[in-house]
Amino acid sequence: MGMLEVKDLQVFYDNIQALKGISLEINEGEVVSIIGANGAGKTTTLKTISGLITPKSGSIIFEGKNLLKEKAHNICKLGIAQVPEGRRIFSQLAVKDNLKLGQFTVKDSAEKKEEDRANFYKVFPRMSERKNQSAGTLSGGEQQMLAMGRALMSRPKLLILDEPSMGLSPLFVKEIFEVIKHLKEKGTTILLVEQNAKMALSISDRAYVIETGEIVLEGKAKDLLYNDRVKKAYLGG
Ligand code: ATP
């Protein structure tokens with residue numbers, strides 16, 4: 001059984017059906033991506049998993065627990081951390097305090113929490129130099145790193161990333177993907193939503209292609225990179 005099992009999700013916004021029966025599965029240690037065009041339903045899928053949207057029908061089972069019976073803050077406590085599209089860091093607070101907020105639900109000693117933060121600074125040296133700076137003064141790419149760091153501070157079992165490369169310069173996109181690769185090597189389970197299909201597929205184990213609320217293709221990321229339909233629609237021919 002997978003760590004996360006999503007079955008036949010149907011989601012409506014008023015009378016518009018955004019998800020028409022989405023099913024997907026993530027196993028421990030996997031990086032799985034969802035690719036698709038604007039408005040396909042990627043963000044809606046993620047928000048439903050993290051409890052921000054209630055589906056009309058379907059099921060979401062995480063480590064054997066039915067998430068549809070849990071409130072969003074409990075889902076976070078169960079070990080799912082989502083980095084939303086557009087980041088949402090606390091811009092008035094210092095970088096280090098943003099990280100500390102991510103540790104709110106961690107039940108461990110202050111020393112261990114400090115160790116977690118130190119590990120983050122090791123992976124993101126750029127953040128170390130900016131610990132005391134207010135987060136709002138960071139560049140877009142740095143804010144994305146901080147948002148990922150804050151999510152990681154909660155020691156999630158499943159890290160969900162919504163469009164981490166959005167709006168970033170090519171150099172930062174590369175850097176963000178390097179970080180995701182590093183997390184993967186450490187065994188972090190990741191669900192990734194990306195417009196940048198090429199990058200996403202190149203670091204994922206498996207992927208799902210979503211079009212107008214439905215999964216139209218799924219498979220090993222390596223195979224999808226060479227799939228004609230994927231190439232035409234998402235990889236620029
Ligand atoms: P993008 O990459 O542009 O964010 P997406 O694949 O994440 O796209 P969703 O944001 O999940 O797509 O949107 C799926 C569909 O649901 C779209 O048609 C969108 O217009 C609609 N939708 C999303 N949020 C709402 C809302 N709050 N109210 C009404 N319709 C919505």
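Nothing here was measured: the structure is a model prediction, and the numbers come from that model. Just so you know, residue 1 is the first one in the sequence shown, and it goes up from there. In listed order, ligands and their atoms are each counted from 1.
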A.B. asks: Can a non-hydrogen atom of Lys47 be found less than 4.0 Å from any atom of ligand 1?
C.D. replies: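 Contact absent.
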A.B. asks: Could you tell me whether a side-chain N or O of Ser134 sits under 3.5 Å from a main-chain N or O of Gln92, the two making a donor and an acceptor?
C.D. replies: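 Judged by distance alone, no pair lies under 3.5 Å.
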A.B. asks: Among all protein heavy atoms in this structure, tell me which lies nearest to atom 3 (O) of ligand 1, with the distance rounded to 0.1 Å.
C.D. replies: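 Result for atom 3 (O) of ligand 1: Asn38 OD1, 2.9 Å.
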A.B. asks: Using 0.5 Å steps for rounding, measure from the NZ atom of Lys96 to the NZ atom of Lys100.
C.D. replies: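 Atom-to-atom, Lys96:NZ and Lys100:NZ are 6.0 Å apart.
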A.B. asks: To the nearest 0.5 angstrom, please state how far the CZ atom of Arg117 sits from the CG atom of Leu152.
C.D. replies: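 Between atom CZ of Arg117 and atom CG of Leu152 there are 14.0 Å.
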A.B. asks: To check your reading of the model: name the closest protein heavy atom to atom 8 (O) of ligand 1, its residue, and the distance in Å.
C.D. replies: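 The closest one turns out to be Gly39 N, 2.7 Å.
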A.B. asks: Within ligand 1, which atoms have a heavy atom of Glu163 less than 4.0 Å away?
C.D. replies: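 That gives atoms 2 (O) of ligand 1.
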A.B. asks: Given Ile210 and Lys42, is the side-chain contact (heavy atoms from CB on, under 4.5 Å) satisfied, shown in steps?
C.D. replies: CA-CA 7 Å; Ile210 175 168; Lys42 305 181 298 293; 3.6 Å; yes
A.B. asks: Looking only at protein heavy atoms, which one is nearest to atom 13 (O) of ligand 1, and how far off is it?
C.D. replies: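 Protein heavy atom with the smallest distance to atom 13 (O) of ligand 1: Thr44 OG1, 3.7 Å.
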A.B. asks: With a 4.5 Å heavy-atom cut-off, do Asp205 and Lys184 have their side chains touching?
C.D. replies: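 The answer is yes, as the side chains (C-beta and beyond) meet within the 4.5 Å cut-off.
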A.B. asks: Say whether, by atom type as modelled, one donor and one acceptor occur between the side chain of Glu28 and the main chain of Thr189 under 3.5 angstrom.
C.D. replies: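 Judged by distance alone, no pair lies under 3.5 Å.
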A.B. asks: Determine whether the side chains of Tyr13 and Thr44 contain a donor N or O and an acceptor N or O closer than 3.5 Å.
C.D. replies: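 Checked: Tyr13/Thr44 side chains pair up, N/O donor to acceptor below 3.5 Å.
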A.B. asks: Non-hydrogen atoms of Gly36 versus ligand 1: any pair closer than 4.0 Å?
C.D. replies: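 Per 4.0 Å heavy-atom rule, Gly36 does not contact ligand 1.
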A.B. asks: Is Lys47 salt-bridged to Asp162, cutoff N-O under 4.0 Å?
C.D. replies: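 Looking at Lys47 and Asp162, the cut-off is not met.
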A.B. asks: Which residue supplies the protein heavy atom nearest to atom 12 (O) of ligand 1, what is that atom called, and how far is it?
C.D. replies: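 The protein heavy atom lying closest is Gly41 N, 3.2 Å.
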A.B. asks: Out of curiosity, Lys157 NZ to Met3 CE, how far, rounded to the nearest 0.5 Å?
C.D. replies: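 Spacing of NZ (Lys157) from CE (Met3) equals 7.0 Å.
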A.B. asks: Quick one: does atom 19 (C) of ligand 1 have a protein heavy atom under 4.0 Å from it?
C.D. replies: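 Under the 4.0 Å cut-off, atom 19 (C) of ligand 1 has no protein heavy-atom neighbours at all.
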A.B. asks: Please write down residue, atom name and distance for the protein heavy atom closest to atom 16 (O) of ligand 1.
C.D. replies: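 For atom 16 (O) of ligand 1, the nearest protein heavy atom is Tyr13 CE1, 3.3 Å.
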A.B. asks: If only atom types and distance count, is the side chain of Tyr208 paired as donor or acceptor with the main-chain N or O of Glu25 below 3.5 Å?
C.D. replies: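 Here the side-chain-to-backbone pair exists.
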A.B. asks: Would you say ligand 1 has an N or O under 3.5 Å from any N or O of Thr45?
C.D. replies: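 By distance alone, the answer is no.
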A.B. asks: Numbering the atoms of ligand 1 from 1, which are under 4.0 Å from a heavy atom of Ala40?
C.D. replies: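 Heavy-atom distances to Ala40 below 4.0 Å select 5 (P), 6 (O), 12 (O).
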A.B. asks: In ligand 1, which numbered atoms sit nearer than 4.0 Å to a non-hydrogen atom of Gln195?
C.D. replies: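 That gives atoms 2 (O) of ligand 1.
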A.B. asks: Any Lys/Arg nitrogen of Arg130 or Glu142 sitting under 4.0 Å from an Asp/Glu carboxylate oxygen of the other?
C.D. replies: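 Glu142 and Arg130: salt-bridged.
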A.B. asks: Heavy atoms of the protein only: does one fall short of 4.0 Å from atom 27 (N) of ligand 1?
C.D. replies: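 When distances to the protein are checked, atom 27 (N) of ligand 1 has a heavy atom within 4.0 Å.
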A.B. asks: For ligand 1, which atoms have a heavy atom of Ala37 less than 4.0 angstrom away?
C.D. replies: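 Within the 4.0 Å cut-off of Ala37, ligand 1 contributes 6 (O).
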A.B. asks: Enumerate the atoms of ligand 1 whose separation from the nearest heavy atom of Thr43 is less than 4.0 angstrom.
C.D. replies: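 It comes down to these atoms of ligand 1: 4 (O), 5 (P), 7 (O), 10 (O), 11 (O).
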A.B. asks: Any heavy atom of Gly213 sitting closer than 4.0 Å to ligand 1?
C.D. replies: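 Flag not set, Gly213 not near ligand 1.
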A.B. asks: Specify the protein heavy atom at minimum distance from atom 5 (P) of ligand 1: its residue, its atom name, and the distance to 0.1 Å.
C.D. replies: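 I find the closest protein heavy atom is Lys42 N, 3.5 Å.
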